[in-house]
Colleague: 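What follows is a structure written as structure tokens; I'll ask about it next.
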Amino acid sequence: MEMNDIIEELKASIIEALNLEEMTPADIDASAPLFGDDGLGLDSIDALEIIVLLEKNYGIRLANAGEGKKIFTSVENIARYVCENRTK
Amino acid sequence: MSAIAITGAGAIYGRSLERPRHLHALDLPVGEVPFTNADLKDRLGISAETEVSRTSLLGATAAKAAIMDANLDIKRISGRRVAFISGTTVGGMDITERHFSEMLSDARCAALLTHHHCGANTEEIADICGLGRCYRSTVSTACSSALNAIIQGARMLLTGEADIAIAGGAEALTRFHLLGFNSLKILDSAPCRPFDACRQGLNLAEGAGFVVLERADDAMRRGAKTLGYVAGYGNRCDAHHQTATSENGDGAYLAMTDALRMSGLKADEIDYINAHGTGTPDNDRSESAALRRVFGDVVPPVSSTKSLTGHTTSASGGIETVICLKAMAEGMIPANLRWENRDEQCIVPVTEAISADLRHVLCNSFGFGGNDSAIIISDTPVDLPCFGLADVKCSSSVEISDEAELGELGKYVGPMERRRMSLLMKAATLTSLKALEEAGIESPDAIIVATNYGMLEQGEKMLEHISAYGEEGLSPTLFMQSTHNTIAGSLAIRLKCHGWNMTYSHGEQSLDHALAEASRIISEGHARNVLVGLHDYLPEGFNRRLNLAGIETSARLVSKSMVISKNE
């Protein structure tokens, strides 16, 4: 699977898992920060939901939210991590 | 003025943190009570066929022990009014999760849902203990439930509403909350290490702890022995996050400060602190910050006995109060097991049991929703001010029973916040904000919620997910919003209300209990304006099951919020 496909897949599943009802994949800039006020404005609860999503969709197990923080900087970075570590 | 004596104590808990033997769930250490339900029934004289939740079996075992310890003959205490107050969150979930799928087709199974709700467990425990027609209430403030029940017991003696209070809490291990805690990534895969730099989380556990409270002069009159006296207490809200604690431990700091001020003791007179100390990176750092704010550089000896028992959630405040009483009687500070590595951000706990003359001890109990409470127990009587129930008025009242009315929420709450709200949360937020607006109050001084079902929408979705897929893909958002105190906690965050915060879940009587509490805290001087709400929603799945069992269900959605103020 190409990086770009994973990015699109991630955008769609993030919108679904985090109930970002008023958003479409096109509204998410893949290189923009996900957390904090300058980006999408996600918080620590969302980080936990993304951990669940990565485990369910790609078989990636992260031990804790701290580990997630380093990876979940942007959709692009998550996609790169998925490419390198996916088990399904 | 009156001193409140503790004349009996009873607790049941596991003493080792090992892989679960009875619970078929994750391969992580838990603190199981080493008795099966059959053993517990046998000891309580209950027939093997009678269905009783494990929470009730543990609760009844501890409550009976406390009553026996107090040398109280319940059948012979004519004329003395008894209040039985129990704290739980999980309630009869063990029965529900065992039969959840069958409950859709088998009416006899569906009828087991009568054990599900928190209040039903309190009723069961009181019945098993033979308490008869006494006052019964259920506090559900997540992990601080039992301590808040004990604090309420003491206060009902001060108001004169009761002459004997039996209070504490019970919680059985279930797959439901074990998988829920797992989804939050706060379980340690090894036995927990509170305050250690390498700590990775808590170990879930079960148990129950109850105490018997009486006014000291009554206790003396009947020649009862006294284990200790309630010297002070505090109930505050962190108002920061549903499950995480604030960096400086605001709620914990305020609860401990209130308790100390009430006791009239100076900080350096506290001889021992039984910390909440769950072993999660977050809690222990934040509790340490709060302890340093209260006690300065010289913090009294601290230990977390969760290193022995595991985290018994709603029961922990009861069990740890009993452990404190035992420590005072034996003159021994219990050890904080497995602590090895110093964390600069944490206090250094007592790592080996040491002899000490314990005159005044502080016990902390914190919960999801930022429900933070503390109690101080002394070895000599401490006179506390008595108070009546305040004369109160309802300054405003707003009710919603139709989903169609929820569209108005958009005026108050943005989409990023709304996206996580369940239907009940939306209704509760809307009626609360409108009631405050109507009363002309920006933020109340205290928040009290009554709920029979609790956050059943989340509970139902979790149960459905677990029975279909097990642990995989379980949503942490669902679990963190599944505790009954979610509404009171979320409202406190929104309204920045660090004041008194309570949630009652005792069937149809929940609202009466909440209103009585509003009157108590206004009289006690904790608040002038209290936001009180009754919030319940019966989701489709539970509704179908209850109907199959022939249990009549009332309106599916009820959300009523009121501002209760002092009548001046």
Colleague: Below 4.5 Å from any heavy atom of chain A, which atoms of B/Ser183 appear? Answer side chain, backbone, both or neither.
Modeller: backbone

Colleague: Do B/His241 and A/Asp43 pass the side-chain contact (heavy atoms from CB on, under 4.5 Å) test, and can you show the C-alpha distance, the side-chain angles, and the key distance before you say yes or no?
Modeller: CA-CA 11 Å; B/His241 187 278; A/Asp43 62 18; 5.8 Å; no

Colleague: Looking at side-chain heavy atoms only, is the closest gap between A/Glu22 and B/Arg418 below 4.5 Å?
Modeller: yes

Colleague: Output the residues of residues 463-474 of chain B for which the shortest heavy-atom distance to chain A is under 4.5 Å, in residue-number order; output 'none' if no such residue exists.
Modeller: B/Glu472, B/Gly473, B/Leu474

Colleague: Does A/Glu2, at its CD atom, have more than 12 non-hydrogen atoms belonging to other residues, nucleotides or ligands within less than 6.0 Å?
Modeller: no

Colleague: Mark yes when over 12 heavy atoms from residues, nucleotides or ligands other than B/Arg19 sit less than 6.0 Å from its CZ; otherwise mark no.
Modeller: yes

Colleague: Could you look at A/Asn57 and say if it's the side chain, the backbone, both or neither that has a heavy atom under 4.5 Å from chain B?
Modeller: neither

Colleague: Crowded around B/Glu247 CD? As in, over 12 foreign heavy atoms under 6.0 Å?
Modeller: no

Colleague: Could you state the interatomic distance from OG (A/Ser44) to CD (B/Gln242), rounded to the nearest 0.5 Å?
Modeller: 11.5 Å

Colleague: Do B/Pro415 and A/Met23 have side chains that approach each other closer than 4.5 Å (heavy atoms only, starting at C-beta)?
Modeller: no

Colleague: With heavy-atom distances below 4.5 Å as the criterion, would you say the side chains of B/Gln481 and A/Ile45 are in contact?
Modeller: no

Colleague: Can you give each donor-acceptor pair under 3.5 Å made by side-chain atoms of residues 47-54 of chain A, sequence neighbours left out, with the distance rounded to 0.1 Å?
Modeller:
unit_1	atom_1	unit_2	atom_2	d
A/Glu49	OE2	B/Ser475	OG	2.5
A/Glu49	OE2	B/Thr477	N	3.0
A/Glu49	OE2	B/Thr477	OG1	2.4

Colleague: Can you find a heavy atom in the side chain of A/Leu20 that is under 4.5 Å from one in the side chain of B/Met416?
Modeller: yes

Colleague: If I take atom CG from residue A/Leu18 and atom CZ from residue B/Arg419, how far apart are they, to the nearest 0.5 angstrom?
Modeller: 5.5 Å

